[in-house]
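Everything on this sheet refers to the single structure shown next.
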Number of protein chains: 2
Amino acid sequence: MAMPKKTKNTKKTSPALQERSSRKTIIDVAKCAGVHWSTVSRGLNPEKRHLISPEMIERVEACAKKLGYRANAMASALRTQRSRTVGVIVSNLGDPVHPPIVRAIEDRFAEIGYVTIVGNTDNHPLRQAALIDRFIQQGVEGLIVATFERNDPGIAACVEANIPVVAVFRDPESEFIPSVRVDDAKAMELAVHHLAECGHRQIAHVGGPQNVSTGYHRYRGFRRACKVLAQDGVTPTAVFGEAFTVEEGEFACERLLAENPNITAIVAGNDMLAVGCLRHLRNRGISCPGSISLVGMNDMLFMDAIAPALTTISTPTAELGTQASHILIAMIKGTPVQNDRIVLKPVLLARDSVAAIKLPTKTRSSDFSDAAKREVRIRHRES
Amino acid sequence: MAMPKKTKNTKKTSPALQERSSRKTIIDVAKCAGVHWSTVSRGLNPEKRHLISPEMIERVEACAKKLGYRANAMASALRTQRSRTVGVIVSNLGDPVHPPIVRAIEDRFAEIGYVTIVGNTDNHPLRQAALIDRFIQQGVEGLIVATFERNDPGIAACVEANIPVVAVFRDPESEFIPSVRVDDAKAMELAVHHLAECGHRQIAHVGGPQNVSTGYHRYRGFRRACKVLAQDGVTPTAVFGEAFTVEEGEFACERLLAENPNITAIVAGNDMLAVGCLRHLRNRGISCPGSISLVGMNDMLFMDAIAPALTTISTPTAELGTQASHILIAMIKGTPVQNDRIVLKPVLLARDSVAAIKLPTKTRSSDFSDAAKREVRIRHRES
DNA sequence: AGTTTCTTGACAAACGTGTGCACGGGAATG
DNA sequence: CATTCCCGTGCACACGTTTGTCAAGAAACT
């Protein structure tokens, strides 16, 4: 095993190691430049570069470039305990809400030389736990998680591992971690008030799963808005899908109409559910917005192109990702974070799926409508 | 966590290292189990476990669980030269074609315990090069790239680094790397033949950028199909957007109609461009499919919900990702790959954006139409 | 009983990099 | 000219694993 001189000692190493044919190391560069490799290390590290003479830096860099040297991030990470890696966990990349968030996060972290790894949970708590575990094993410096439920046990796993984590999109309402979300309740209030302004009174909610904050808060916002407007005659109804999917929306809408044939407007928990509602309405030959008005949420891609163009509540998804990244970056650097509980404001986009209701033709009705409208506007403004 | 006895030697280490407060190592487990750490390593490694007695394995596993031990992937990767990491490069995660591909890849690699890192190039060659470089530095065992242009210099960088890479979606037509794509030319042929069957003769192509294989091959397919049908009177026209976006589609459609007011059908390079066309048609008050028929490509999400429901060519995006993953996994394992040049078949989905053309009201016209129709069907079947 | 075979666990050498410390030489100062 | 100081470089250890080698003990065979 004592090799004569400098025959690379790939004798004893395992066959797996052999195949890394030609990756250059810091030692190769040092040999080329005729210096010690610690000098190379310093010369190539911007933070320690000031310890090295300029012409030496130049020599080292020339050799590095000539040899096509690429630093081994794993070795560096092992030594420094900084992997320059962050993890992003979403329920399903195929859900059009998530890609813009992930995209923004990747952008923010690419700017500081970090790499982003992603994982999907499909809303399975066990898969989430497994994912968090794998990511921590992998050495991520931080985690941005879009799948936390309220009081999610996954949070404990993260804080126990002492790894910075920020919740995005969904709010686990945990005192232990920062979160960036959109005001889901407010969004639904905007929707209900908008419908009330248009004269609707029999308003239904086609909600999503209630065990996640988005579904839960949207339903609560819906109820609260209806309560506030109860004196104007607004009466709420609600059905729920088991997931935020088109199919669940379609099915929920069917149940809704079977039990409440007299509703005139639907506030969907998100655009997927709204599209499902739309599909059911079309299948039943019910006109939207002619007979039933519809409001979605999130303003997913193409929502302005569907028929009718969907009135919806826009969610600043990219901003969600950016803000979460800013917080996580601060946590990683150890900088104190100024505001670690960010709630972004949703905005209503009035398009074509909501129509003013055809009120019963009484003489007083229009007066009442106008009064209600004014009342609504005032409340709307105040909140 | 403050250990009374065995103060870990964090004296000489840098402050950065101090903060890894409590991550347990293989040594902690060994100490707990009262054995040498190499025994722990083997006991926890399924492949070497057979070298250790069963009750020892049990003891080690118990200690590992008790201490909450998590293997340090970076150290393992450094030693074994296997990072259990793959990279995926797309142009833009915000483009709805990509998420299903990435999702499928993540699924396939999660199954074998690999982690997936993603990056966006926005179609900038320099950003792609930088990304490939960073990923290789990071130690990815393989790369799946959806952004390769024809004869892309990025390929050379990968093969030079001796790292397995497979192209997906776009085909760089390189002899050096495997690829998985959809038959873009065939897709456009399907579209043109479908339109011809419906009586269209003045058919235009609103294509995407010609420097990427998708845009290029789709245009070629379009031209080829028109040539085949030239004897039936099919005459082609084409304009191109500078990117596969709604805005470019809208703008290109405007130019198209300005110069060719007599066309009756448009084959768009993808659904984004198609939606852009639709938007322009609506703005101009031109009915689709009443006056102009439209075919898209990729069957992106919600294409069945827009108005009119878009006739389009479906691309098996998830299958694209899965097949690419299979190939890459084989390459990583060193297994020979059976077929490294996979071309998936596109399928036409006939919906509402294509209508049979209203032919000039001559007596012979219907005969001609029928004849053409028959003719087209025959050709269609043969290909 | 002695020798061989087999099992089991310990030892130590890497993987490639970062960094505290020591050392050498030249400049500056007395 | 001698001493001090400082700047640039080399040295060696550590980060946490994996794994070839080997010694010690038990079991089996001659």
Side-chain angles (χ1 to χ4, degrees), chain A residues 1-3 8-20 23-31 33-57 59-60 64 69-84 137-139, chain B residues 8-20 23-31 33-57 59-60 69-84 137-139:
Chain A
M1 48 216 63
M3 44 232 57
K8 290 207 187 67
N9 49 356
T10 47
K11 289 278 179 56
K12 288 179 61 178
T13 52
S14 76
L17 301 194
Q18 307 265 20
E19 75 183 28
R20 61 148 189 82
R23 184 157 183 179
K24 296 292 182 291
T25 77
I26 210 173
I27 297 184
D28 296 316
V29 179
K31 224 171 274 176
V35 295
H36 198 264
W37 37 273
S38 63
T39 306
V40 175
S41 173
R42 281 187 256 260
L44 261 27
N45 183 341
E47 297 198 28
K48 308 287 175 182
R49 187 169 294 176
H50 63 95
L51 296 171
I52 305 291
S53 66
E55 75 269 9
M56 178 62 78
I57 292 180
R59 185 145 55 110
V60 167
Y69 168 74
R70 261 189 275 258
N72 184 326
M74 290 171 293
S76 173
L78 177 60
R79 177 63 172 107
T80 62
Q81 301 291 9
R82 316 195 67 236
S83 62
R84 304 179 81 76
Q137 269 199 30
Q138 200 64 26
Chain B
K8 294 206 185 64
N9 51 354
T10 48
K11 287 279 179 53
K12 286 181 62 179
T13 52
S14 76
L17 301 193
Q18 306 266 17
E19 75 183 29
R20 62 151 187 81
R23 182 156 184 179
K24 296 293 182 293
T25 78
I26 210 173
I27 296 184
D28 296 315
V29 179
K31 225 170 268 177
V35 296
H36 198 265
W37 31 277
S38 63
T39 307
V40 175
S41 173
R42 281 190 252 262
L44 261 27
N45 183 342
E47 295 197 30
K48 309 286 176 182
R49 187 171 292 175
H50 64 97
L51 296 170
I52 304 292
S53 66
E55 75 267 9
M56 177 61 77
I57 291 180
R59 187 146 54 111
V60 167
Y69 168 74
R70 263 189 274 258
N72 184 325
M74 289 172 292
S76 173
L78 177 60
R79 175 60 228 248
T80 62
Q81 301 292 5
R82 318 195 66 235
S83 63
R84 304 179 81 73
Q137 269 199 32
Q138 200 65 26

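So that the names make sense, note that chain A is the first sequence line, chain B the second, and so on, each numbered from 1.
Residues that satisfy the side chain to side chain contact (heavy atoms under 4.5 Å, CB included) test with A:R59, not counting sequence neighbours, are A:A33, A:V35, A:M56.
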What pairs of nitrogen or oxygen atoms, one from the protein and one from nucleotides 7-12 of chain D, lie under 3.5 Å apart?
residue	atom	partner	partner atom	Å
D:dT9	OP1	A:S53	OG	3.2
D:dT9	OP2	A:S53	N	3.1
D:dG10	OP2	A:H36	N	3.0
D:dG10	OP2	A:T39	OG1	2.6
D:dG10	N7	A:S38	OG	3.4
D:dG10	O6	A:R42	NH2	2.5
D:dC11	N4	A:S38	OG	3.4

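C:dG18 atom C1' lies 4 Å from atom CZ of A:R79, rounded to whole Å. For the pair B:Q138 CD and C:dT17 P, the interatomic distance rounds to 13 Å; values are reported in whole Å. Look at CE on A:M74: it is 12 Å from C1' on C:dT17, rounded to the nearest Å. Remark: P of C:dT17 and CD1 of A:I26 are 5 Å apart, rounded to the nearest angstrom. Here the P atom of nucleotide D:dG16 and the CG atom of B:N72 are 7 Å apart, to the nearest Å.
Here A:Q81 reaches the OP1 or OP2 of D:dG16: one of its side-chain N or O atoms lies under 4.0 Å away. The shortest distance between the side-chain N/O atoms of B:S41 and the OP1/OP2 oxygens of D:dT17 is not below 4.0 Å. Neither OP1 nor OP2 of C:dG16 sits under 4.0 Å from any side-chain N or O of A:Y69.
Residues B:T25 and B:D28 have side chains in contact (heavy-atom distance under 4.5 Å, counting atoms from C-beta outward).
Across all strands, B:A77 comes closer than 4.0 Å to no nucleic acid atom at all (heavy-atom distances).
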